[in-house]
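See below for the structure under consideration.
Computed from heavy atoms alone, side chains included, the values below leave out hydrogens, waters and symmetry copies. Every chain is numbered from 1 and lettered A, B, ... according to where its sequence line falls, protein lines coming before strand lines. These figures come from a predicted structure and were not determined experimentally.
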Protein chains: 2
Amino acid sequence: MLDPQADCTFDCPVAEAASVLDGKWTTLIFRELLGGTKRYSQLQRAIVGISPRMLAMRLNDLESRGLVAKAIYPTVPPKTEYTLTTLGHSVEPVIAAMAQFGSQLQQRAINPSHGE
Amino acid sequence: MLDPQADCTFDCPVAEAASVLDGKWTTLIFRELLGGTKRYSQLQRAIVGISPRMLAMRLNDLESRGLVAKAIYPTVPPKTEYTLTTLGHSVEPVIAAMAQFGSQLQQRAINPSHGE
DNA sequence: CCGTATCCCAGACGATACTG
DNA sequence: CAGTATCGTCTGGGATACGG
């Protein structure tokens with residue numbers, strides 16, 4: 001197991017991960033793709049509020065980083081599928097941890113117990 | 001970071017977590033505080049490049065969310081200590097997962113193996 | 001259906017100077 | 001030491017329209 005306290009003076013893995021997860025819609029896109037291969041329009045419908053521009057931007061970014069694979073079928077009408085690569089799947093523990101953390105935040109929001 | 005209207009069925013815990021982790025320096029601050037209680041100046045020295053303004057902003061934000069506790073000692077010279085609350089500590093799995101994920105990204109960057 | 005191109009702006013961020 | 005005040009920059013992201 002990796003020590004989160006490892007040296008971050010130079011190339012910090014945490015900062016590296018953060019740079020990938022950064023961007024308004026990134027985690028939600030991961031969240032969708034962790035459910036399996038999805039088409040562009042499926043993602044757009046699933047992620048309420050995202051503009052075509054932002055969706056394309058994030059997907060291109062993730063593809064260039066090798067986290068997402070893109071399969072284009074030049075049929076009529078056109079069809080594109082997005083799938084997480086093996087590397088992309090390695091983000092799952094992060095999303096899972098975030099989900100866990102997020103629900104603790106929500107618990108506290110409901111139950112106003114102040115500590116410390 | 002994430003829009004409240006984002007539909008993850010109800011209130012998405014992942015989005016909730018993302019809203020906390022959002023901000024350029026947040027994860028690094030968590031990373032420092034996971035190592036134990038720290039003073040303002042310690043944080044500023046540890047987090048290279050952060051301005052006093054940003055550090056104070058993030059700390060105030062985390063305090064208002066109940067993730068960080070602030071202890072002020074009105075001595076001369078003044079002294080302030082920042083500590084993660086119990087809730088704040090629950091972010092640790094997220095940071096740990098990010099560290100793990102980040103190092104996989106770096107491995108891949110070094111070793112140009114082709115994915116999928 | 002799957003995107004790109006263009007325009008625009010709020011607000012996040014940095015730098016610097018200053019105070020209790 | 002531990003911050004705040006002020007100002008300027010800059011870019012991420014929204015809205016909209018259009019192209020392959």
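If you measure from atom NZ of Lys38(A) to atom C1' of dC2(C), you get 18 Å, rounded to the nearest angstrom. Rounding to whole angstrom units, CD of residue Gln42(B) and C1' of dC1(D) are separated by 12 Å. Rounded to whole Å, atom P of dG3(D) lies 12 Å from atom CD1 of Ile29(B). Here dA12(C) presents its P atom at 9 Å from CE of Met54(B), a figure rounded to the nearest Å. In this entry the distance linking CD of Gln44(B) with C1' of dA15(C) reads 13 Å, nearest Å. Put simply, NZ on Lys70(A) is 17 Å from P on dC1(C), counting in whole angstrom units. The CG-P distance, from Asp61(B) to dA12(C), rounds to 10 Å in whole Å. Nucleotide dG3(C) holds its P atom 13 Å from the NZ atom of Lys79(A), rounded to whole Å.
Counting heavy atoms from C-beta on, the side chains of Gln100(B) and Val94(A) never come closer than 4.5 Å. Annotation: side chain of Ile29(A) is not in contact with side chain of Val68(A) (no heavy-atom distance under 4.5 Å).
Just one of Lys38(A), Arg39(A), Gln42(A) meets the side-chain contact (heavy atoms from CB on, under 4.5 Å) condition when paired with Glu81(A); it is Arg39(A).
Distance alone, capped at 3.5 Å, is enough to place a donor-acceptor pair between the Thr85(B) side chain and the Gly66(B) backbone.
Within the 4.0 Å cut-off from OP1 or OP2 of dT16(D), not a single side-chain nitrogen or oxygen of Ser51(A) is found. In terms of phosphate contacts, Arg58(B) brings no side-chain nitrogen or oxygen within less than 4.0 Å of OP1 or OP2 of dA12(C). Within the structure, every side-chain polar atom (N or O) of Thr80(B) is placed at least 4.0 Å from both OP1 and OP2 of dC1(D). Between Lys24(A) and the phosphate of dG11(C), there is no side-chain N or O to OP1/OP2 separation shorter than 4.0 Å. Taking only side-chain nitrogens and oxygens, Asn60(B) never comes nearer than 4.0 Å to OP1 or OP2 of dG3(D).
Taking only side-chain atoms of Ala56(B), from C-beta outward, the nucleotide of dT4(D), dC2(C), dA2(D) with the closest atom is dT4(D). You'll find that the side chain of Pro52(A) is closest to dG3(C), out of dC1(D), dA17(C), dG3(C). When distances run from any side-chain atom of Tyr40(B) to the nucleotides dG3(D), dG14(D), dG3(C), the shortest one goes to dG3(D).
Note on ring orientation: taking the six-membered ring where Trp is involved, the planes of Tyr40(B) and Tyr82(B) are tilted (angle from 30° to 60°).
Take the nearest nucleotide of DNA chain C for Tyr82(A) and for Ile50(B): the residue whose nucleotide is more 5' is Tyr82(A).
Looking at heavy-atom distances under 4.0 Å, Tyr73(A) makes no contact with the nucleic acid at all.
Evaluation of atom-type donor-acceptor distances gives a pair under 3.5 Å for the side chain of Arg53(A) against the base of dG14(D).
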